[in-house]
2 protein chains.
Amino acid sequence: MSTTRLYRPTHRDAFELLESAFENGRLLTMFGRCEVHYEGRAASTLGPGQRLVIYKPDGTALVHTNESREPVNWQPPGSTHNASVRDGQLQIQSTRSNPTEQLDVLFERVETISAYAVTDRSDLTLIGSEEDLRQRILDSPDVIEDGFDPIATERQTTAGPIDIFGKDAAGRPVVVELKRRRVGPSAASQLKRYVEAITTELSNTSTRGILVAPSITDRTASLLDEWDFEYCSVDIE
Amino acid sequence: MSTTRLYRPTHRDAFELLESAFENGRLLTMFGRCEVHYEGRAASTLGPGQRLVIYKPDGTALVHTNESREPVNWQPPGSTHNASVRDGQLQIQSTRSNPTEQLDVLFERVETISAYAVTDRSDLTLIGSEEDLRQRILDSPDVIEDGFDPIATERQTTAGPIDIFGKDAAGRPVVVELKRRRVGPSAASQLKRYVEAITTELSNTSTRGILVAPSITDRTASLLDEWDFEYCSVDIE
DNA sequence: TTTTGAATGTCGTTG
DNA sequence: CAACGACGTTCAAAA
């Protein structure tokens with residue numbers, strides 16, 4: 001059968017379902033009272049409480065509470081899950097290496113456990129990324145300014161790759177830094193590094209820097225002003 | 001009852017459970033064939049497929065597939081959920097404002113739906129954060145260098161707050177930037193902005209900049225070198 | 001494998 | 001509220 005569900009199972013029954021679900025690459029959800037221990041890039045303990053725990057066939061483990069978009073604990077894809085029963089508790093270990101880390105979930109009581117066979121899928125199409133923004137500018141460069149001529153994207157410099165490199169109507173080199181949302185000072189810093197790199201590379205040819213974003217913070221505007229860079233507002237539609 | 005579960009319910013039955021679960025602040029999990037539409041900060045569509053969908057009483061919505069630690073679609077906490085049945089589909093809308101965004105999940109068939117009352121909880125304690133690292137340095141400043149004297153943490157500058165501000169054995173001002181993991185060029189840029197801010201503030205008193213991290217990338221090392229900053233290696237234990 | 005930077009980042013803290 | 005930086009960030013693409 002494609003879905004198996006148990007309600008308040010014994011640890012033994014839950015264990016057997018877990019074993020076969022891990023084996024058969026099923027998507028697992030559990031709800032119950034448990035404590036959680038993590039050790040790896042950091043270390044944490046989560047005392048007893050009711051949580052929703054998810055195990056995916058790709059090795060992902062997620063521990064969700066009542067609230068927040070983020071799991072309170074997790075294990076990334078590529079981990080391997082292993083269940084056992086000991087000391088009257090149902091223990092599920094998820095481990096991985098590089099970096100070495102381990103997540104232990106100890107169920108005191110399992111309220112619910114479900115195993116799903118996921119066969120049917122389709123992929124996400126997303127609109128409105130930075131890549132979209134770049135494409136829009138390449139399609140109609142006048143969005144930046146009249147006569148702007150894009151020469152390269154991802155142009156390499158010693159300071160890293162420039163989003164868009166081009167020339168203005170007067171033939172002066174222009175570095176364009178793209179952000180799809182409101183930006184802070186770090187974007188201005190990044191632009192500065194790129195402009196300096198290009199200026200050096202072109203034997204001190206004066207180079208313009210343009211920050212393209214839907215909006216910028218006040219401090220960022222000051223920095224741009226101070227460094228003689230420009231800001232170009234664009235809508236994310 | 002604290003847990004309610006339905007297996008292959010009619011849309012009508014699922015709808016009624018959803019209504020009462022949203023009303024009573026329950027944690028909800030659903031599994032079934034659905035498509036998902038999002039519009040807000042970006043826009044996306046996800047064609048029909050089997051997914052695990054979670055609704056939390058704080059307004060969070062999560063759409064999980066077979067794989068990945070991240071939900072393929074979601075709505076942040078603070079959203080409000082609303083269910084309806086139309087055109088033979090079970091529709092669940094999650095909306096919020098500021099920014100305005102909306103997530104629509106359209107179930108063609110619900111395999112499973114469960115509502116949980118979460119009453120029992122306890123909080124996470126995490127070890128190994130940047131805060132820990134700062135505390136370790138304040139406890140034994142010689143980790144940075146002999147005679148280093150921390151004066152303030154989170155010291156304000158025009159470029160933002162400095163992690164640790166202090167003086168070296170010779171009385172020269174020192175800006176310390178902490179990172180708990182391997183860092184790239186942006187950390188060096190950040191340090192540069194802080195050092196420049198302090199230098200200006202102290203009427204051009206020459207100021208040292210030290211980047212503290214477990215390791216750094218090659219390019220970052222070059223930048224530090226170029227700008228006459230230093231790197232101090234520390235272990236995250 | 002490591003490096004790099006985007007993300008519907010999310011989440012705290014601070015002004 | 002906006003702003004700013006950390007995060008066990010995660011993720012995908014490139015070197």
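The chains referred to below are lettered A, B, ... by the order of the sequence lines, with proteins before strands, and numbering in each begins at 1.
Residues A:Arg182 and A:Ser215 bring a donor and an acceptor atom of their side chains to less than 3.5 Å of each other. Side chains of B:Glu177 and B:Tyr194: a donor-acceptor N/O pair is absent below 3.5 angstrom, by distance only. Defined by atom type and a distance below 3.5 Å, a donor-acceptor pair is present between the side-chain atoms of A:Glu35 and A:His37. Side-chain contact annotation: A:Thr119 with B:Gln50, donor-acceptor N/O pair under 3.5 Å present.
Heavy-atom minimum distance, A:Leu133 versus A:Lys179: CD2-O, 3.7 Å.
Neither OP1 nor OP2 of C:dT8 sits under 4.0 Å from any side-chain N or O of A:Arg69. Neither OP1 nor OP2 of D:dT9 sits under 4.0 Å from any side-chain N or O of A:Trp74. Distances shown here put a side-chain N or O of A:Arg219 below 4.0 Å from the OP1 or OP2 atom of D:dC4. Within the structure, a side-chain polar atom (N or O) of B:Arg180 is placed less than 4.0 Å from OP1 or OP2 of D:dT9. Listed pair B:Tyr194 / D:dG5 meets the phosphate criterion, a side-chain N or O lying under 4.0 Å from OP1 or OP2.
A:Ser44 comes within 4.0 angstrom of nothing in the nucleic acid, heavy atoms only. Residue A:Ala187 is out of contact with every strand shown, counting any heavy-atom pair closer than 4.0 Å. Residue B:Pro77 is classed as a sugar-phosphate contact, given heavy-atom separations below 4.0 Å to backbone atoms only. Across all strands shown, A:Ser68 has heavy atoms under 4.0 Å from sugar-phosphate atoms exclusively, and none from any base. Using a 4.0 Å heavy-atom criterion, one finds that B:Glu101 contacts the bases of the nucleic acid, with or without backbone contacts as well.
Judged by atom type and distance alone, B:Asn73 reaches the base of C:dT8 through a side-chain donor-acceptor pair under 3.5 Å. One N or O donor and one acceptor, one from the side chain of A:Gln75 and one from the base of D:dG8, sit under 3.5 Å apart.
For the pair A:Arg26 and A:Tyr116, the cation-pi criterion (under 6.0 Å, within 45° of the ring axis) is not fulfilled.
For D:dA14 and C:dT8, the C1' atoms lie 24 Å apart once the distance is rounded to whole Å. When the C1' atom is compared between D:dT9 and D:dG5, the two are found 12 Å apart, to the nearest whole Å. Nucleotides C:dG5 and D:dG8 place their P atoms 22 Å apart, quoted to the nearest Å.
For B:Arg193, the side-chain atoms get nearest to D:dG5 when compared with the rest of D:dG5, D:dA6, C:dT10. Distances from the side chain of A:Thr217 to the nucleotides D:dC7, D:dC4, C:dA7 place D:dC4 closest.
Rounding to the nearest 0.5 angstrom, the gap separating the OG1 atom in B:Thr207 from the CG atom in B:Leu202 is 5.5 Å.
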- request: Could you provide the dot-bracket string of DNA chain D, using ( ) for intrastrand pairs, [ ] for crossing pairs and | for bases paired to another strand, with Watson-Crick or G-U pairs below 3.5 Å?
  value: |||||||.|||||||
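Ranked by how close their nearest DNA chain C nucleotide is to the 5' end, B:Arg182 and B:Leu103 are led by B:Arg182.
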